[in-house]
Amino acid sequence: MNKFNIAKECSLLLDSNDPLKHFRDRFYIPNGKIYMDGNSLGLLSRDAEESLLSALRDFRELGIDGWMDGEPAWFTFAEELGAKQAYLVGAQEDEVIVHSSNTVNLHNLVCTFFKPKGCRTKILMDELNFPSDRYAIDSQLLLHGLDPAKHAVVVKSRDGKTIEEDDVVEAMTDDVALAVLPSVLYRSGQLLDIEYLTAEAHKRGIIIGFDCCHSVGAVPHSFSEWGTDFAFWCNYKYLNSGPGATASLYVNRKHFDKAPGLWGWWGYNKSKQFDMDPDFRPAPDAGAWQIGTVHLFSTAPIHGSMKIFTEAGIDNIRKKSLNQTEYLMFLIDNLLTGEPYNFKIGTPRDPSRRGGHVALEHDSEAIRINSALKKRGVVPDFRFPNVIRLAPIALYTSYHEIWQVVQHIKEIIDSREYEAFPKERGTVS
Ligand SMILES: Cc1ncc(COP(=O)(O)O)c(C=O)c1O
């Protein structure tokens with residue numbers, strides 16, 4: 001017998017049995033809204049708010065002394081937060097640092113690890129990765145005088161939604177020096193097998209790193225165990241630290257002997273940074289991949305947010321997230337497929353291949369249905385041309401909200417309410 005049914009009572013029962021339900025009270029849920037966009041911009045928690053206010057108080061009361069006397073000290077804030085995040089990705093504490101933005105971190109990591117030599121002159125990626133990663137990699141190739149058309153190996157998707165790991169492995173030829181892939185694809189929500197891809201890359205002498213923006217905070221990782229070379233992720237999606245929050249990166253300690261690609265004084269060995277020596281002496285750990293001064297107020301909310309993750313536990317979060325996406329897909333299958341609804345699910349069903357969101361596809365009316373949902377107070381997001389992404393967030397989305405979202409979509413189609421909206425998408429979707 002299926003563990004779910006379509007009745008409202010089932011959603012209420014799931015909520016009452018949910019061991020993580022009390023975490024919802026730690027978040028500000030926008031008034032009257034059902035927020036399903038935490039995979040794009042996670043909601044503010046009281047904890048993150050308090051840590052930001054505390055940083056402001058320290059600035060107000062301590063001025064420059066906040067560098068050492070702030071609570072926590074600003075000078076070592078990025079290292080402290082990196083150590084706190086390490087368990088989320090199965091890394092050692094000194095292998096993670098909070099710094100900069102994803103795109104800048106990727107530039108620095110590619111500068112570090114892409115050393116074209118002899119016939120190994122190519123970078124492997126996939127056609128469904130986030131565009132900024134592609135831009136960064138292409139520009140890095142150009143900086144080496146290499147034509148992206150020839151030196152970027154772009155693995156094609158067979159269905160336009162997912163990437164087959166075996167196609168990636170087949171593309172790992174002798175001329176590939178570096179591979180950069182997403183952990184979870186931002187549109188379909190497919191989770192790639194990082195362990196397998198890491199092992200296959202290493203068998204072929206290829207360094208491999210992952211864009212984990214859509215997995216960290218929703219999916220546990222075991223980077224140390226897998227030997228993954230590097231990774232980077234943002235703190236504004238599942239980690240709920242606010243728009244433009246400082247990003248994070250991981251470098252496996254086997255690479256601590258390598259100089260980072262981009263040098264700056266914030267990557268200097270901390271104990272000697274203020275010697276102001278003209279010769280660069282990098283920190284002996286992932287801290288070396290910092291460039292400039294910590295962005296304190298974009299970093300501070302991560303401190304509060306990490307308290308919640310430490311309490312809730314990433315394995316518990318993953319368990320609930322998988323159950324919530326399974327429940328959402330069950331309701332879609334039972335209520336929104338077939339005439340006149342015609343929705344499809346673009347996310348893999350297998351839990352080991354699924355991240356934290358569900359891609360709901362509608363071939364002709366996705367834009368207008370998305371707009372109608374927003375008008376009703378549901379906050380999804382839209383990815384051109386036909387994907388409505390729905391992300392139940394284990395820390396603050398209830399099962400009953402998932403049930404309500406599906407009822408809203410059903411009513412929007414039943415009443416043809418979507419027809420009142422324009423067919424063009426907004427500037428930010
Ligand atoms: C998967 C993925 N990679 C990279 C980025 C770029 O991040 P940033 O703006 O911090 O450079 C984003 C932004 O949303 C993203 O979703």
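Read the numbers this way: they start at 1 and go in the same order the structure lists the ligands and their atoms. Values below: every heavy atom of this structure, side chains too, minus hydrogens, waters and symmetry copies. This structure is a prediction, so every number in the text was calculated from the model and none was measured.
- For ligand 1, the polar-atom distance check finds no N/O of Tyr186 at less than 3.5 Å from any of the ligand's N/O atoms.
- For Tyr250 and Asn252, the side-chain atoms include at least one donor-acceptor pair closer than 3.5 Å.
- Remark: ligand 1 and Thr103 share an N or O pair separated by less than 3.5 Å (distance only, no angle test).
- In terms of protein heavy-atom proximity, atom 12 (C) of ligand 1 is nearest to Phe130 CE2, 3.3 Å.
- The protein non-hydrogen atom at the shortest distance from atom 13 (C) of ligand 1 is Tyr236 OH, 3.2 Å.
- In terms of protein heavy-atom proximity, atom 3 (N) of ligand 1 is nearest to Asp211 OD2, 2.6 Å.
- The residues Arg46 and Asp25 are annotated as not salt-bridged, no charged nitrogen and carboxylate oxygen being separated by less than 4.0 angstrom.
- To the nearest 0.5 Å, the span separating CZ on Arg187 from OG1 on Thr347 amounts to 11.0 Å.
- Checked by atom type, the side-chain pair His151/Thr121 shows a donor-acceptor distance below 3.5 Å.
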Assess whether side-chain hydrogen bond (donor to acceptor under 3.5 Å, both in side chains) is satisfied between Ser183 and His221, documenting all intermediate values. CA-CA 10 Å; Ser183 54; His221 301 69; 4.5 Å; no

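- Interface of Ser101 with ligand 1, defined as ligand atoms under 4.0 Å from a residue heavy atom, comprises 10 (O), 11 (O).
- With salt bridges taken as basic N to acidic carboxylate O contacts below 4.0 Å, one links Glu417 and Arg376.
- Between Asp18 and Arg24, none of the side-chain N atoms (NZ, or NE/NH1/NH2) sits under 4.0 Å from a carboxylate O, so this pair counts as no salt bridge.
- Distance from atom 14 (O) of ligand 1 to its nearest protein heavy atom, with residue and atom name: Lys237 NZ, 3.1 Å.
- Each of the atoms 3 (N), 4 (C) of ligand 1 lies under 4.0 Å from some heavy atom of Asp133.
- Close contacts between ligand 1 and Asn102 involve ligand atoms 5 (C), 6 (C), 7 (O), 8 (P), 10 (O), 11 (O) [criterion: under 4.0 Å to a heavy atom].
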